[in-house]
Number of protein chains: 2
Amino acid sequence: MDSYDVMPGHLVRRLQQAAVAIFQAEVARAGYDMTPVQYAALTAVRVNPGIDQATLAGLIAYDRTTITGVVDRLTQKGFLTREPSETDRRARILQVTERGHTALREIQPAVEQAQRIMLRGLDETESQEFMRLLAKTVGAVNELSRAPLKATR
Amino acid sequence: MDSYDVMPGHLVRRLQQAAVAIFQAEVARAGYDMTPVQYAALTAVRVNPGIDQATLAGLIAYDRTTITGVVDRLTQKGFLTREPSETDRRARILQVTERGHTALREIQPAVEQAQRIMLRGLDETESQEFMRLLAKTVGAVNELSRAPLKATR
DNA sequence: TTCTATTGATCAGTATACTGATTATCAGTA
DNA sequence: TACTGATAATCAGTATACTGATCAATAGAA
């Protein structure tokens, strides 16, 4: 177990880094500058308009302190609005702007292409098996990270 | 493809984060404060005494600008020494100290335990298949990241 | 209803990762 | 040998992640 090539953690780290690089390259090709993290957050808000930051964090398994900066940058780019909630004055309500919707629509093909490139080493059968095992693995360690996925209320 | 649960990049990101948390928790239980990244670097130097930073980076697929900080911290903790090379005045030669060897020895069980916890959702057959597919996937995208793995000379 | 515990957001500080630049040095060529 | 291009290390700046703290506001219990 001395060899890092055999260690799952090391391989996952490398795949994660490649995935980020691939994503950014494909999205840049579509004319946008957006990270995978920003994309996931934006997509989650589109599916759940008016969501607050804490719920969003649980939905996509982000740390609560990370979400602040991510939303900051998406707001700066004009893709999100952040307003105080009327029912809970602690919370900030998020909405996707028109520009945000346009961006999501226009980078959609790039995102799908990025997924394909990421799995280009596997054939169709292997890809499905890999995804199944990956999801199963992640599900079993969900509560062990500071930012576990939380089911929507 | 709207759901991030189905997106490989998102799942890999979550697994990576869980893996880091698991690793640090197990290592802390053994009385040490070391990140997976620092551990991999230290292990690689142990296997390749006198390696320079650039070669080390290629060996474990780290970005060259990242390795500087990692080595900084390992040196500060007294686990590594960094000295100018005598044959190439640009290069810095790395060696594991006595304390570094002790640390590696003492956290070894924790590292193995972390691997097991990370894969606790899979049975033995699934684990092996997952590792095979993971390695295959990583191999196919190696050159797409800024820090590809490079074979030893 | 008052008190306590919790929660939403944020901040300061640290550790990866990466982009792009710089500096010193080396290697290979004209 | 002088020059050019490549390489080793580092730096400044940005974006995740996380630890631990704070503050305002809410919710639940006594």
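Quick caveat: nothing in here was measured; it's all calculated off a predicted structure. Labels below follow one simple rule: chain letters A, B, ... track the order of the sequence lines, proteins then strands, and each chain is numbered from 1.
A donor N or O paired with an acceptor N or O is found under 3.5 Å between the base of dT7(D) and the side-chain atoms of Arg90(B).
Candidate nucleotides dG20(D), dA17(D), dA9(D) were compared by shortest atom distance to the side chain of Gln17(B), and dA17(D) ranks first. Closest to the Thr65(B) side chain, of the nucleotides dC11(D), dT16(D), dA9(C), is dC11(D). For Gln38(A), the listed nucleotide lying nearest its side chain is dT16(D); candidates were dT16(D), dA9(D), dA17(C).
Using a 4.0 Å heavy-atom criterion, one finds that Arg89(A) contacts the sugar-phosphate atoms exclusively. Residue contacts shown for Asp63(B) include a base, since a base heavy atom lies under 4.0 Å away. Counting non-hydrogen atoms under 4.0 angstrom, Ala21(A) reaches nothing in the nucleic acid. Using a 4.0 Å heavy-atom criterion, one finds that Val20(A) contacts no nucleic acid atom at all.
Arg92(A) has a side-chain polar atom (N or O) that falls below the 4.0 Å cut-off from OP1 or OP2 of dT10(C). Between dT7(C) and Gln53(A), no contact under 4.0 Å exists linking OP1 or OP2 to a side-chain N or O. When the side-chain nitrogen and oxygen atoms of Arg73(A) are compared with OP1 and OP2 of dT16(D), one or more of them lie within a distance under 4.0 Å. A sub-4.0 Å separation between OP1 or OP2 of dT19(D) and a side-chain N or O of Arg146(A) is present. Regarding contacts with the backbone of dT19(C), every side-chain N or O of Gln24(A) stays at 4.0 angstrom or more from both OP1 and OP2. One finds no side-chain N or O of Arg13(A) lying less than 4.0 angstrom from the OP1 or OP2 phosphate oxygen of dT16(C). OP1 or OP2 of dT16(C) has at least one side-chain nitrogen or oxygen of Thr35(B) nearer than 4.0 Å.
Summarising the geometry, the separation between CZ on Arg64(A) and P on dT7(C) is reported as 11 Å, rounded to the nearest angstrom. Nucleotide dA17(C) holds its C1' atom 13 Å from the NE2 atom of His10(A), rounded to whole Å.
A salt bridge is absent between Glu129(A) and Arg132(B): the closest approach of a Lys/Arg side-chain nitrogen to an acidic carboxylate oxygen does not fall below 4.0 angstrom.
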